[in-house]
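The structure presented is a predicted model; accordingly, all values stated were derived computationally and were not measured. Lettering of chains follows the sequences in order, A, B, ..., and the numbering in each one begins at 1.
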Number of protein chains: 2
Amino acid sequence: MEYKKELQRLIEDFKTNYLPSVSVDLVIFGFHDGQLKVLLLRWKGTEEWCLPGGRIRNDENLDDSAYRSLRERTGLREIFLQQFYTFGDVLRYKHIDQHETLRKLGLPEEAVHEFANRDVSVGYYALVEFENVVPTPDFFTDECRWWDINQVPTLLFDHNDMISLALKTLRRQLSYQPIGYSLLPDKFTMPDLQQLYETILGQSLDRRNFQKRMLGYGILERLEERKFGGAHKAPYLYRFDKEKYEKVLAEESLFVG
Amino acid sequence: MEYKKELQRLIEDFKTNYLPSVSVDLVIFGFHDGQLKVLLLRWKGTEEWCLPGGRIRNDENLDDSAYRSLRERTGLREIFLQQFYTFGDVLRYKHIDQHETLRKLGLPEEAVHEFANRDVSVGYYALVEFENVVPTPDFFTDECRWWDINQVPTLLFDHNDMISLALKTLRRQLSYQPIGYSLLPDKFTMPDLQQLYETILGQSLDRRNFQKRMLGYGILERLEERKFGGAHKAPYLYRFDKEKYEKVLAEESLFVG
DNA sequence: ACAAAAGTGTTCTTTGTACACCCATGT
DNA sequence: ACATGGGTGTACAAAGAACACTTTTGT
């Protein structure tokens, strides 16, 4: 059976080229239709969904490994990606026993034993531009697609918790630094940006105060162009000034300078 | 040789009972003499210093493993401990080649190979009451003592970076939630608390505004007692109201509720 | 009595929030 | 022409920063 053979090869590959006991999980946020979306994967032959993730190569930096996984699932590079928490509870497999889970996922018995070691998982979250993503399943999954953040089903492992914490971190981050660069298309209107904020925060904001604050960051460039086609007054288009944007981000960043 | 035998036993123990590829490192802050201190360990037979750390048992939660290591080095339990970042660069061993480091540390050749696998390390920081700590070296080290935060030498691995980031996180945390519970003795004066803040932040604060803010948290209880013996006016003593303190902390916590 | 630290309140500045009118566009 | 959303500015409230005088203690 082709699948089994491929699986065997994969297990071997993992054993020799990747770090045991550690993995990376990604909460990939996108924004579309006024809704915040998360990218999820469906396990082969089941109705079980989970977050995309990956393992760390022996010779690979942790961050690079997260970027690599992100690239493999979305086709995107150079986007906003940030570590938010490391999950290490023994019972990260809440709903059912882990061996059960793995069997349920259709892994043959010998593979179950290989994968059933408990992992510590480093959580990253990413903000990506919805339109540019080409959702791509991996070997273990046969579907990769966006889910509305409010309609995420019960996921495998502790992945629902991960999404909650990622969102919480994202919301906090929103309050002290700008966000939106990699979530919106190149040119966007102020109402677009506001809708993004409102969606992430789950509350509505005052239009005038919002605009004041955003312009106050000094990271937006107003274009001459306007966006016609809406049923009403044509709003101005804006673009991020990438240089200033990065500067503002860097000032408040947690990363080791 | 007794040491070699013990080392062999230890390596065996690690291989069977602990997760490979992952470790925990601790930045333990204490406060004494108006100075912020960090607890460091000196490797057996060398002048090389590093952070205390530990490994995760197969059946142990990540957080519990950090608590255990902390207890082993300080004798303390139930103190403030928080994950701040996970370090996973391949070159976490900046100064010299890792094999060199390990040999330099006096490990026999066979042990070098066992330990030379690259680890991902989860960083935690702790705030402890200086007076209560009994610094205790472990198997690999023959000294454990406090260092002034401004006089920390060049440490092994990426441990200087870890301290920097821990301090940065601590400073940020200070701005939106109270700190001090486990860093100060049970009863303390407002100037004591202020000095703690000034030391951590590395800047002086206005006495009146500081007091206003602290009392504003509603977590301090002023005692009738005062602290005599200083050369001047006797300041009041305060105590934290543990219950309210925990409540304020919980409101802003990042942890999964 | 005096030097040095501690207790206490008020003013000012800055930041954020609330709020209303006019204008442009597609139908 | 009109309904709808977009553009803009001002007044008020809250939070934070600046600041001075009186009191207490040991020497």
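Aromatic pair B:Y245/B:F240: ring centres closer than 6.0 Å. Side-chain rings of A:Y85 and A:F87 approach one another, their centers coming within less than 6.0 Å.
Formation of a donor-acceptor pair under 3.5 Å by the A:D206 side chain with backbone atoms of A:R208 is found in this model.
Look at CE on A:M214: it is 15 Å from P on D:dG7, rounded to the nearest Å. Atom NZ in B:K227 sits about 16 Å away from atom C1' in D:dT24, given to the nearest Å. The nearest whole Å value for the distance from the CD atom in A:Q211 to the P atom in D:dG5 is 17 Å. A straight line from CG of A:L223 to P of D:dG7 spans 13 Å, rounded to a whole angstrom. The interatomic distance linking B:L220 (CG) with C:dG7 (P) rounds to 12 Å, in whole Å. One interatomic measurement links the two molecules: CZ of B:F210 to P of D:dA18, which rounds to 16 Å at whole-angstrom precision. Protein atom OH of B:Y236 is 14 Å distant from nucleotide atom P of D:dT23, rounded to whole Å. Look at CG on B:L237: it is 15 Å from C1' on C:dG7, rounded to the nearest Å.
Dashed line: the shortest gap from a side-chain N or O of B:R222 to OP1 or OP2 of C:dA6 is not under 4.0 Å.
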Going 5' to 3' along nucleotides 19-27 of chain C, which nucleotides have protein heavy atoms under 4.0 Å from the base (write B), which only from the sugar-phosphate (write S), and which from neither (write -)?
-> BB--BBBS-
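A cation-pi contact, defined as under 6.0 Å to the ring centre and within 45° of the axis, is absent between A:R171 and A:Y197.
Using a 4.0 Å cut-off between charged side-chain N and carboxylate O, A:E72 and A:R68 make a salt bridge. Classification of B:K187 and B:E225 as a salt-bridged pair holds, one side-chain N sitting under 4.0 Å from a carboxylate O.
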